[in-house]
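These notes are about the structure you will find just below.
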Amino acid sequence: MSCSLTMKNISAARNGVTLYNGITLNLSHKEKIAIIGPNGCGKTTLLEMIAGLSLPQSGLLELFHRPMRSLDDFKTVRTMIGYLFQDSDNQFLAPIVEDDVAFSLLAQGISKEEAALKTAMMLQDLGIAHLAKKVVYHLSGGEKKLVALAGVLIAEPKLMLLDEPTNGLDNAMQQKLVAILRKIDKSIIIVSHHREFLESIVDKIYTMTQEGLHGTFNASNPQKSYIWRTYDGHETTL
Amino acid sequence: MDQTSHPPITPCVALLLALVYGCTIALQTHMYVSMSLILFFLAWLKRRFLLIIFKRLVMLNTLIVFIALTLYWQHQEHLAGLMLLRSNLMLLCILLLFHGCNEFTIAIAMQRLALPHKITTLFFFTSKSIFLIRHELVLFKNTLRIRGFTPKTDLLSYKTLAGFIGTLVIKALERSVALQKAMLLRGFQGEIYTLSRRQSLSSNDAIATLLTLISLFWHQGYLL
């Protein structure tokens with residue numbers, strides 16, 4: 001199985017303090033993993049490194065079999081990575097829901113008509129079609145999270161990085177998010193403290209310490225098949 | 001809040017009218033009653049929001065009145081009156097034209113008028129940042145209230161205020177860093193986009209344009 005991400009002996013520091021040494025991780029194609037760890041241990045820093053927002057102090061980072069040695073190297077894989085921010089407000093680049101969701105498509109040069117169609121389908125898939133004309137800043141925390149997720153999913157990334165996706169969500173919204181994330185047929189890395197939520201989605205849970213990542217297989221994941229509706233309206237089961 | 005309703009004056013036309021009216025009024029040395037003709041029409045269009053608009057005008061007038069009074073005390077009565085009238089006409093016109101338009105609508109209108117993308121994106125993201133900082137401000141004020149803080153003229157109050165300003169600056173910086181990250185991750189190409197269709201010109205646009213031209217070039221009822 002091809003690898004979406006390979007990390008070998010990655011180390012990182014923040015404000016001169018070493019966060020971790022020797023992080024090694026392989027993420028297979030369409031594999032879903034979670035990273036847990038105490039506050040401030042560097043989980044978000046790791047996601048930001050994978051997304052190309054910062055570089056590791058040392059070690060090898062490969063995305064889709066391409067070594068990432070400088071921030072410029074990430075330009076070639078940028079569209080293949082989707083990142084869900086911890087605070088959804090930071091993610092919005094347009095104030096109206098449909099404009100924000102369509103942003104990545106329009107930035108890629110896709111026609112307005114096609115972008116509008118895909119946006120409508122995406123909002124419908126996530127059950128938030130009624131929010132299309134709303135102002136993003138006036139939505140509830142859960143709605144904001146779903147709109148932000150729609151904005152990530154619409155660009156059809158191969159690798160999704162989710163930073164604390166359950167932050168500020170009530171139980172019903174968490175269940176909705178679980179249902180959505182279980183349907184998504186992509187490589188996903190989730191950073192969260194919410195173990196129960198993670199166990200219902202991912203294949204493997206890694207615990208982050210200063211020495212590295214320690215993984216355990218998630219036996220409680222009941223997921224047997226993935227169903228994802230494609231834009232042409234078909235449903236695929238893998 | 002839904003954004004489905006269109007403003008009575010198309011944002012592109014509103015921008016052009018504000019520019020033409022503002023620049024011409026700013027250069028006038030004599031004021032006439034007829035110059036306010038367009039304002040009556042705009043006030044009628046925005047009649048439901050007149051009270052809010054006038055409240056804003058009064059707030060904006062605090063500094064203007066102060067400057068006008070300074071000129072008046074320096075025996076420059078004509079200049080003081082001219083400045084007061086000109087500023088109020090321009091402000092009222094802008095308030096009436098853009099009341100109810102969000103920053104995004106204005107930024108898109110700027111883009112449609114072929115203004116450089118850097119100006120439009122800078123305008124939009126600055127407005128977005130102001131909105132978010134204002135939100136932080138409200139949160140901080142509420143925190144102070146909940147924690148029983150009452151401002152006094154003592155060291156604690158000044159320290160709290162200083163800490164509050166410092167926190168706002170740090171939050172603003174954090175927001176700007178987060179915005180830069182979002183731009184990188186979401187493929188920002190220096191342009192903002194909308195799915196909404198271009199609003200077609202309406203009869204209001206034509207009437208407003210005509211009245212603006214009449215207001216500016218038909219001088220009746222000498223005031224100053």
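Numbers restart at 1 for each chain; the letters A, B, ... are given by sequence-line order, proteins then strands.
Scored by the salt bridge (charged side-chain N to carboxylate O under 4.0 Å, His left out) test, K128(B) finds no partners at all (sequence neighbours excluded).
For the atom pair CG of N102(B) and CD1 of I96(A), the computed distance is 5.5 Å after rounding to the nearest 0.5 Å. Separating the CG atom in L185(B) from the CZ atom in F85(A) is a distance of 5.0 Å, to the nearest 0.5 Å. Interatomic distance, CG of L179(B) versus CZ of F92(A), reported as 13.0 Å (0.5 Å rounding).
The number of heavy-atom neighbours closer than 6.0 Å to NZ of K158(A), taken from other residues, nucleotides and ligands shown, is 12 or below. At most 12 non-hydrogen atoms from other residues, nucleotides or ligands lie less than 6.0 angstrom from NE2 of H135(B). Heavy-atom neighbours of R66(A) CZ from other residues, nucleotides or ligands within 6.0 Å: above the threshold of 12. The environment of CZ in F149(B) is crowded: more than 12 heavy-atom neighbours from other residues, nucleotides or ligands sit within 6.0 Å. Enclosure of atom CZ in R48(B) is not indicated, since only 12 or fewer non-hydrogen atoms of other residues, nucleotides or ligands lie within 6.0 angstrom.
In this structure, E191(B) and L106(A) have side chains that are not in contact, with every pair of non-hydrogen atoms separated by 4.5 Å or more. Counting heavy atoms from C-beta outward, D99(A) and F104(B) have side chains that approach closer than 4.5 Å. At least one side-chain heavy atom of F124(B) sits under 4.5 Å from a side-chain heavy atom of P95(A). For the pair E48(A)/K181(B), a side-chain contact is recorded, criterion being any heavy-atom separation below 4.5 Å from C-beta on. No side-chain heavy atom of L184(B) sits under 4.5 Å from any side-chain heavy atom of K75(A). Put simply, the side chain of F125(B) reaches to within 4.5 Å of the side chain of L93(A), judged on heavy atoms.
Across all non-hydrogen atoms, the minimal contact from L195(B) to A116(A) is CD2-N, 3.8 Å. A107(A) approaches G187(B) most closely through the heavy-atom pair CB-O, 3.2 Å. The nearest pair of heavy atoms linking K112(A) to T194(B) is CE-O, 2.9 Å.
Proximity to chain B is absent for every atom of Q108(A), based on heavy atoms less than 4.5 angstrom apart. In this structure, the portions of S104(A) lying under 4.5 Å from any heavy atom of chain B include both its backbone and its side chain. Interface remark: F188(B) contributes backbone and side-chain atoms alike to the contact with chain A (heavy atom separation under 4.5 Å).
Side-chain N or O atoms of R186(B) include one that pairs as donor or acceptor with a backbone N or O of D100(A) at under 3.5 Å. Using modelled atom types, no side-chain atom of N90(A) and backbone atom of A178(B) make a donor-acceptor pair closer than 3.5 Å.
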Walk me through whether D87(A) and E174(B) qualify under side-chain contact (heavy atoms from CB on, under 4.5 Å).
CA-CA 12 Å; D87(A) 182 355; E174(B) 281 175 356; over 6 Å; no

